[in-house]
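Here the structure comes first, spelled out in structure tokens, and everything after it is commentary.
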Amino acid sequence: NSDLTSLHGFKLIKVLNENAQVKNIVLHGKFENADGDAVIILEKTPFSEETLPHFLTSETSLVKEFHNDIYSQYMCHPPSRFSALKGTIIHPATTKHLDKYSAQSFHFLYETPQDYEAITLPFIEELSFSIQWVYNILEKKAEVERIVFEDEDPVTGFVLLPDIKWDQKQLENLYLVAICHKHGIKSLRDLDRSHLPLLKNILTKGEEAIKQKYGVESDQLRIYVHYQPSYYHFHVHFTHLNYDPPGCGIGKAHLLQDVIDNIENIDEDYYRKKTLACVFKANDKLFKRFQSAKNVK
Ligand code: M7G
């Protein structure tokens, strides 16, 4: 789909989700003459001070909705080049993508180390999302020109680049992801003392690279890992503290600084021993495994 120049030929099957707060809509459909399902995420983009002056001209027409005393409301139609939407296309999309992007209720679950061994680990080995996109980044087969920083060390090195969720148009919703070069670290659960050099390297060099490139100080960054992640190759999220992206809350985000501290100062096997809270969507396949294993409804 990298060569698409329009959405001509996209046949909508279903609106999977829409969110008035983040102003996006997620569509399931198919492209004419192409096999497989597609997921399209359309999102209104944030304002930026840089482009604002272009809006504040006679080119922006106003259509009045109502007027009451000193209050009035208008629909504003800016020049079309400033009303672009961000579009993310996943094609061919698997049923896991359709589930991931569908509107569903959320549920909490507590994963003990025994649950991890018996339920989660076999699931990861059989069923998890393909991480080909991660290998493409590490092997310079995709997104090469988007790399912000790289440390090539095979053990402590990583690639830092903008997350697919960030259009890089404004710093307010800055979102980068650091992907470690080393293969085989599936998630938070695998981390122990031997990974401290990697974790500290990602933290300090990631902060430094973001400060250099974007001028955002490290105390304005939220630096964390997800548990459960969607993709089981270790990576770290860097997001702007002024912005609450999906998955930055409790039951999902673990601050990297806390992870380091827990391993270094509390117990080197902290994450092998800890019961970890996980937030799942109702349709999540791993959640369903837990339900049947624990024989709850
Ligand atoms: P996660 O915690 O495994 O899953 O994070 P989540 O999607 O449930 O948060 C993976 C991160 O990688 C997310 O923030 C994704 O937005 C991001 N991501 C996913 N893909 C498929 C890509 C991609 O192809 N390129 C880039 N740059 N980021 C991606």
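Numbers here simply count residues along the sequence, with the first being 1. Just the heavy atoms: all of them, side chains too, but no hydrogens, waters or symmetry mates, feed the values below. Counting convention: from 1, in listed order, for ligands and their atoms alike.
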Looking only at heavy atoms, what is the nearest atom pair of D190 and G184, with distance? OD2-O, 3.7 Å
Check each atom of ligand 1 against the heavy atoms of Y175 and keep those under 4.0 Å away; list them by number with element. 14 (O)
For Q228, state whether at least one heavy atom is located under 4.0 Å from any atom of ligand 1. no
At less than 4.0 angstrom from any non-hydrogen atom of H226, what atoms of ligand 1 do you find? 1 (P), 2 (O), 9 (O)
Less than 4.0 Å is my threshold; does some heavy atom of F129 fall inside it relative to ligand 1? no
Evaluate the criterion salt bridge (charged side-chain N to carboxylate O under 4.0 Å, His left out) for residue pair K274 and D267; output intermediate values, then yes/no. CA-CA 10 Å; K274 182 154 176 58; D267 188 329; over 6 Å; no
Is the shortest distance from a Lys or Arg side-chain nitrogen in K200 or E264 to a carboxylate oxygen in the other one below 4.0 Å? yes
shortest atom 10 (C) of ligand 1-to-protein heavy-atom contact is with H235 NE2, 3.4 Å
So which protein heavy atom does atom 8 (O) of ligand 1 come closest to, and at what separation? S230 OG, 2.6 Å
Contact with ligand 1 for P162, non-hydrogen, under 4.0 angstrom: yes
Per side-chain contact (heavy atoms from CB on, under 4.5 Å), F238 is matched among V177, D163, L160 by L160
Between Y224 and H237, does the ring centroid distance fall short of 6.0 Å? yes
Is the CD atom of Q21 crowded by more than 12 outside heavy atoms at less than 6.0 Å? no
Under 4.0 Å to a heavy atom of R146 - the qualifying atoms of ligand 1, by number: 27 (N)
Closest to atom 28 (N) of ligand 1 among protein heavy atoms sits I164 N, 3.2 Å
Using the salt bridge (charged side-chain N to carboxylate O under 4.0 Å, His left out) rule, take R222 and D244 through it: C-alpha gap first, then chi angles, then the decisive distance, then the call. CA-CA 10 Å; R222 190 192 286 105; D244 289 338; 3.0 Å; yes
Among V134, V159, D163, which residue places a heavy atom closest to atom 13 (C) of ligand 1? D163
Any N/O pair K252/ligand 1 closer than 3.5 Å: no
Going by the atom numbers of ligand 1, which of them fall below 4.0 Å from some non-hydrogen atom of K100? 6 (P), 7 (O), 8 (O)
P78 to T60 - nearest heavy-atom pair and separation: CA-OG1, 3.7 Å
Top protein contact for atom 18 (N) of ligand 1, by heavy-atom distance: W133 CH2, 3.5 Å
Closest to atom 25 (N) of ligand 1 among protein heavy atoms sits E143 OE2, 2.6 Å
Verify ring pair (Phe, Tyr, Trp, His ring centres under 6.0 Å) between F234 and H195, making sure each step is shown before the conclusion. CA-CA 11 Å; F234 188 70; H195 302 108; 7.9 Å; no
